[in-house]
Amino acid sequence: MIKITLPDQSVREYASGITGMDIAQSISPRLAKEVLSITVNGDVWDLSRPINHDASIKLHKWDDAEGKHAFWHSSAHLMAEALQELYPGVKFGIGPAIENGFYYDVDLGDGKTISDADFITIENKMQELASRKLDYKRTEVAKNQALEFFARKKEEYKVELINDLEDGTISFYEQGNFTDLCRGPHLPNTEFIKASKILSVAGAYWRGDEKRKQLTRVYGITFPKKSMLDEYIVLLEEAKKRDHRRLGKEMELFTFSQRVGQGLPLWLPKGAQLRERLENFLKRVQRGYGYEPVITPHIGQKELYVTSGHYAKYGADSFQPIHTPAEGEEFLLKPMNCPHHCEIYRFKPRSYKDLPLRFAEFGTVYRYEQSGELHGLTRVRGFTQDDAHIFCRPDQLKEEFIKVIDIVLYIFKTLEFNEFTAQISLRDPNNKEKYIGSDENWEKAERAIIEASEEKGLKTTVELGEAAFYGPKLDFMVRDAIGRKWQLGTIQVDYNLPERFDLEYIGNDDKRHRPVMIHRAPFGSMERFVAVLIEHTGGKFPLWLTPEQAVVLPISEKYNDFAKKVSNILNNSDIRTAIDDRNEKIGRKIRDNELKRIPYLLIVGEKEFETNTISVRKQGDGDKGSMSIEDFAAMITKEIDELIKY
RNA sequence: GCCGGUGUAGCUCAGUUGGCCAGAGCAGCUGAUUUGUAAUCAGCUGGUCGGGGGUUCGAAUCCCUCCACCGGCUCCA
């Protein structure tokens with residue numbers, strides 16, 4: 001007999017060789033119907049794999065990441081089998097589960113492609129196979145057997161994968177007519193998969209290497225219930241409706257021009273105002289934290305970036321130098337603000353008493369992104385960072401770090417990003433030579449970040465080896481209103497630039513010391529942040545940010561003068577108010593302005609004119625009755641004050 | 001940059017296998033109507049069909065090429 005410990009620490013005894021499915025069955029038949037995989041002593045296993053020793057286990061259903069993972073991984077195999085039937089001769093690369101679904105990289109053979117029109121055929125084939133209730137069977141094989149098997153099938157990609165594996169740990173999974181090299185785990189059988197959808201196809205280099213063959217990557221998603229697929233499709237449609245590229249155009253916030261150049265956003269008046277409001281908001285917050293504004297030009301001498309080290313690393317893949325007509329000088333469009341800020345630090349000798357210095361600038365930078373990489377406002381070639389560089393003494397690092405976290409948290413709270421996580425990126429302890437700076441400084445910096453995050457109670461993940469070569473960092477990820485993740489702000493510690501620019505301060509020991517730099521951008525970039533804000537809010541911005549807060553709707557032309565008076569009073573109270581004096585019926589005006597996401601519609605007609613009032617309609621909430629203009633102004637002012645306090 | 005897809009009016013889209021002056025709705029303009037809580041009616045304007053080249057008696061439609069956009073890959077100071 002063996003002892004099986006469940007997550008609640010209760011212990012059950014079973015005969016050796018019991019499987020996860022047997023255990024589920026013994027707990028409840030209902031559980032047995034829903035369970036998808038099992039964790040055994042920390043490893044995720046198939047439910048059909050025998051357990052031969054004492055173990056702690058956890059059974060996974062759809063709600064667990066592990067359960068979904070097994071489900072989608074098995075679905076990738078199912079799709080592969082479908083492709084094998086539909087495209088004879090297809091060769092397989094890799095087919096993992098991903099955050100939302102799975103993909104399989106396949107080589108269809110020369111000249112063959114899969115297009116949108118083929119998706120339905122693949123989906124139908126998958127469901128046909130699934131309904132046959134094919135078991136996923138695990139076998140363990142020796143390396144030479146595995147090689148022989150796939151060599152015979154002319155699966156050169158699999159052969160390559162196996163060659164890179166250690167002997168003795170190789171497992172195959174087989175369902176129906178499809179056998180794959182796979183670590184698992186998998187579902188018991190294909191019948192769990194009740195709904196399949198092929199989402200897209202794309203090219204993907206074999207093993208991520210652009211010098212190697214490009215395979216066809218087929219993306220799909222599956223569900224244990226048909227209704228869940230329907231819900232997912234609704235979510236995709238909702239995401240489409242919120243797409244910032246679409247709303248940016250519709251709400252007249254920004255545009256792109258082929259003539260200006262790809263990846264170079266043009267901010268339209270309403271978008272520029274929105275952005276300016278965000279900037280002013282952050283400027284005020286930063287003023288309170290002791291930041292000092294600086295302004296630097298958009299270009300700098302090439303030598304500046306040679307000094308910073310960026311030229312060596314990125315020069316060839318950047319916009320190429322600008323040459324002066326006479327002197328033969330070379331300038332680069334600035335790809336970041338830090339070198340300029342370092343020169344500001346160097347303006348005069350600094351004392352330990354001067355530190356920390358916090359130089360802030362909404363600095364516009366230009367980076368040559370590959371053309372296929374550009375995407376709306378989230379990936380552009382010219383963008384403005386809400387940048388600042390803090391120059392401090394090593395002993396001030398943690399305190400400064402905490403203050404930056406405070407700013408980030410305040411921004412998230414004000415803009416209602418209520419769900420977020422932070423990723424701490426540390427250096428790879430086995431690869432220390434990849435990084436610049438002393439061990440002592442690294443340890444100090446990493447400890448500072450970890451402790452600062454703990455003190456602020458951040459929900460963090462730690463990634464080893466993800467640090468920049470010049471220092472560890474903390475990145476913030478927010479979850480938007482429909483559950484998607486976006487990376488926003490970043491805080492990075494840097495020992496490299498102070499070194500390269502030979503930055504110093506005089507300590508209280510009268511000796512020269514090296515300051516530490518913190519790079520930080522709570523929004524990340526204005527472009528990206530506005531994009532995320534649009535997608536998060538679906539264009540229904542917080543009242544204090546929205547371009548037009550209220551529109552006065554006169555019932556007929558007779559009340560245009562009164563409407564004018566109302567809007568003047570409100571605008572004088574800093575409430576951004578427009579008038580819709582088109583020759584339209586009131587129903588039409590309401591409809592159009594609701595669709596424009598105007599927070600408050602103010603209707604004025606005979607009744608309101610007589611009593612000097614307005615009839616208020618709140619966006620999405622209908623008629624709120626009438627009130628005096630002054631009461632409305634006070635109400636709005638109060639509402640904004642509650643949203644944003646600075 | 002690479003693979004695949006898309007490109008028709010400001011926006012959303014029709015335009016069958018190449019064939020009269022390229023269409024619709026919305027937006028815009030003009031006029032009528034003077035309106036009470038999510039679309040008043042009528043008329044009009046607007047497109048070198050992404051750019052260039054080619055095939056053809058004839059091209060939005062077929063071919064080549066360039067550009068931009070979309071989905072990914074690679075990259076991201």
Side-chain angles (χ1 to χ4, degrees), chain A residues 98 103 105 108 112-117 199-219 240 243 245-246 249-250 252 255-263 305 308-315 317-318 334-339 365-376 378-381 383 385 387 468-470 473 487 490 492 494 496-497 519 521 525 553-560 581-596 601-608 615-626:
Chain A
I98 52 176
Y103 66 79
D105 284 347
L108 296 163
K112 287 189 213 158
T113 55
I114 293 177
S115 75
D116 295 14
L199 297 169
S200 62
V201 287
Y205 301 108
W206 171 234
R207 312 205 95 174
D209 182 347
E210 61 183 303
K211 289 184 191 67
R212 306 199 61 180
K213 182 155 185 177
Q214 190 151 32
L215 306 180
T216 303
R217 178 167 294 179
V218 187
Y219 285 88
K240 223 175 181 176
D243 191 318
R245 293 166 299 187
R246 175 196 157 97
K249 197 186 279 183
E250 186 185 318
E252 300 190 357
T255 187
F256 290 89
S257 149
Q258 203 165 318
R259 219 189 291 268
V260 171
Q262 54 174 175
Y305 304 101
S308 72
H310 292 105
Y311 188 79
K313 203 164 157 59
Y314 297 102
D317 300 318
S318 296
K334 79 172 166 188
M336 67 260 117
N337 305 298
C338 24
V365 298
Y366 301 89
R367 296 179 183 176
Y368 178 80
E369 305 289 357
Q370 297 190 87
S371 64
E373 193 47 51
L374 301 168
H375 180 94
T378 59
R379 199 69 193 275
V380 287
R381 284 181 171 167
F383 58 97
Q385 296 178 313
D387 211 359
F469 72 95
Y470 50 78
K473 61 178 180 174
Q487 199 202 310
T490 178
Q492 310 185 353
D494 186 353
N496 179 44
L497 284 183
H519 307 245
S525 81
L553 313 180
I555 293 283
S556 82
E557 239 167 47
K558 289 182 210 154
Y559 309 103
N560 283 356
D581 58 2
R582 290 176 306 161
N583 185 1
E584 294 289 352
K585 288 183 164 177
I586 196 66
R588 177 57 179 269
K589 293 187 186 183
I590 288 168
R591 179 185 152 82
D592 288 350
N593 286 288
E594 283 272 352
L595 291 175
K596 279 167 75 182
L601 304 183
L602 312 174
I603 293 154
V604 295
E606 182 63 25
K607 223 166 40 190
E608 290 75 16
S615 185
V616 178
R617 253 188 93 100
K618 191 169 179 173
Q619 144 88 1
D621 202 20
D623 195 348
K624 308 299 282 180
S626 60

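Sequence lines set the chain letters: A, B, ... in the order given, protein chains first and strands last, and positions in each chain run from 1. Not measured: the values here are computed from a predicted model.
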- Output yes when at least one side-chain N/O atom of R588(A) is less than 4.0 Å from OP1 or OP2 of rA38(B), else no. no

- Nearest listed nucleotide, side chain of Q214(A), among rC76(B), rC2(B), rU37(B): rC2(B)

- For the side chain of R591(A), starting at C-beta, report the closest nucleotide among rC73(B), rA39(B), rA77(B). rA39(B)

- Message: Considering every strand and a 4.0 Å limit on heavy-atom distances, what is the contact class for R617(A): base, sugar-phosphate, or nothing?
- Response: base

- Query: Mapping L215(A) and K607(A) onto RNA chain B by nearest heavy atom, which one lands closer to the 5' end?
  - Reply: L215(A)

- Task: Please state whether the phosphate of rC69(B), meaning OP1 or OP2, lies under 4.0 angstrom from any side-chain nitrogen or oxygen of H375(A).
- Result: no

- Message: Any base atoms under 4.0 Å from G605(A), or only sugar-phosphate, or nothing? Heavy atoms, all strands.
- Response: base

- Measure the distance from CD on E594(A) to C1' on rA39(B) and round it to the nearest whole Å. 13 Å

- Would you please determine if the base of rA77(B) is stacked by Y314(A), with stacking meaning a centroid separation under 5.5 angstrom and planes under 30 degrees? yes

- Identify the heavy atoms of F383(A) and S525(A) that sit nearest to each other, and give their distance. CD1-CB, 3.6 Å

- Task: Provide, to the nearest angstrom, the distance between the NZ atom belonging to K589(A) and the P atom belonging to rU37(B).
- Result: 14 Å

- Message: Could you check whether R582(A) pairs with D592(A) (Lys NZ or Arg NE/NH1/NH2 to Asp/Glu carboxylate O, under 4.0 Å)?
- Response: yes

- Does a side-chain N-to-carboxylate-O contact under 4.0 Å join D243(A) and R245(A)? yes

- Message: Just to be sure I understand the rule, does G208(A) reach a base, reach only the sugar-phosphate, or reach nothing, if contact means heavy atoms closer than 4.0 Å?
- Response: sugar-phosphate

- Under 4.0 angstrom, heavy atoms only, what part of the nucleic acid is R379(A) near: base, sugar-phosphate, or nothing? base

- Message: Can you tell whether the side chains of R217(A) and D105(A) come within less than 4.0 Å, N to carboxylate O?
- Response: yes

- Would you classify T216(A) as touching base, sugar-phosphate or nothing, given that sugar-phosphate means primed atoms plus P, OP1 and OP2, and contacts are heavy atoms under 4.0 Å? nothing

- Task: Would you indicate what I586(A) reaches in the nucleic acid, counting non-hydrogen atoms under 4.0 angstrom: base, sugar-phosphate, or nothing?
- Result: sugar-phosphate

- Looking at every strand, decide which applies to E584(A) at a 4.0 Å heavy-atom threshold: base, sugar-phosphate, or nothing. base

- Message: I'd like to know if the side chain of R367(A) reaches the main chain of R381(A), judged simply by a donor and an acceptor atom lying under 3.5 Å from each other, with no hydrogens or angles considered.
- Response: no

- Task: Tell me what S318(A) touches on the nucleic acid: a base, only sugar-phosphate, or nothing, going by heavy atoms under 4.0 Å.
- Result: base

- Item | Between P of rA77(B) and NZ of K334(A), the distance in whole Å | 18 Å

- Out of rG1(B), rU37(B), rU35(B), which nucleotide sits closest to the side chain of I590(A)? rU37(B)

- Between R212(A) and Y205(A), is NZ or CZ placed under 6.0 angstrom from the six-membered ring centre and within 45° of the ring axis? no

- Message: Return a single string for nucleotides 42-52 of chain B, one symbol per nucleotide in 5' to 3' order, where B is base contact, S is sugar-phosphate-only contact and - is none, cutoff 4.0 angstrom on heavy atoms.
- Response: -----------

- Query: Checking all strands, does A204(A) fall into the base, sugar-phosphate, or nothing category for heavy-atom contacts under 4.0 angstrom?
  - Reply: sugar-phosphate

- Message: Between H519(A) and R381(A), which residue's closest nucleotide on RNA chain B lies nearer the 5′ terminus?
- Response: R381(A)

- Item | Candidates rC73(B), rU37(B), rA77(B) - which lies nearest the side chain of S615(A) | rU37(B)

- Touch check for K558(A), heavy atoms < 4.0 angstrom, all strands: base, sugar-phosphate only, or nothing? sugar-phosphate

- Gap between atoms CD1 and P, on I603(A) and rU35(B) respectively (whole Å): 16 Å

- With Q385(A), which residues qualify under side-chain hydrogen bond (donor to acceptor under 3.5 Å, both in side chains), at least two apart? N337(A)

- Query: Where the side chain of S556(A) is concerned, which of rG71(B), rU37(B), rU34(B) is the nearest nucleotide?
  - Reply: rU34(B)

- Message: I need the CG-P distance between D243(A) and rC70(B), as an integer number of Å.
- Response: 9 Å

- Task: Tell me what Q370(A) touches on the nucleic acid: a base, only sugar-phosphate, or nothing, going by heavy atoms under 4.0 Å.
- Result: base

- Item | R617(A) and E594(A) ion-paired at < 4.0 Å | yes

- Query: In which stems does RNA chain B show up, taking only runs of three or more Watson-Crick or G-U wobble pairs whose two distances fall under 3.5 Å?
  - Reply: B:1-7 with B:67-73, B:10-13 with B:23-26, B:28-32 with B:40-44, B:50-54 with B:62-66

- Task: Could you tell me whether S371(A) contacts a base, only the sugar-phosphate backbone, or nothing, with contacts defined as non-hydrogen atoms closer than 4.0 Å?
- Result: base

- Query: Within the structure shown, what part of the strands sits under 4.0 Å from E608(A) by heavy-atom distance: base, sugar-phosphate, or nothing?
  - Reply: base

- Message: Ignoring hydrogens and geometry beyond distance, is the side chain of Q262(A) in donor-acceptor contact with the base of rA68(B) at under 3.5 Å?
- Response: no

- Task: Would you mind reading off the distance between K313(A) atom NZ and rC76(B) atom P, rounded to a whole angstrom?
- Result: 7 Å

- Taking atom C1' of rG36(B) as reference, at what distance in whole Å does atom CZ of R582(A) sit? 16 Å

- Say whether Y559(A) and E608(A), considering side chains only, have a donor N or O and an acceptor N or O under 3.5 Å apart. no

- Could you please name the option among rG36(B), rA38(B), rG72(B) that lies closest to any side-chain atom of R217(A)? rG72(B)

- Item | Considering all heavy atoms, the nearest V380(A)-E369(A) contact | O-CG, 3.4 Å

- Message: Using whole Å, what does the distance between atom P of nucleotide rC76(B) and atom CE of M336(A) come to?
- Response: 15 Å

- Item | Nucleotide nearest Y205(A) when distance is taken to its side chain, options rU40(B), rC73(B), rU34(B) | rC73(B)

- Could you tell me whether F256(A) contacts a base, only the sugar-phosphate backbone, or nothing, with contacts defined as non-hydrogen atoms closer than 4.0 Å? nothing

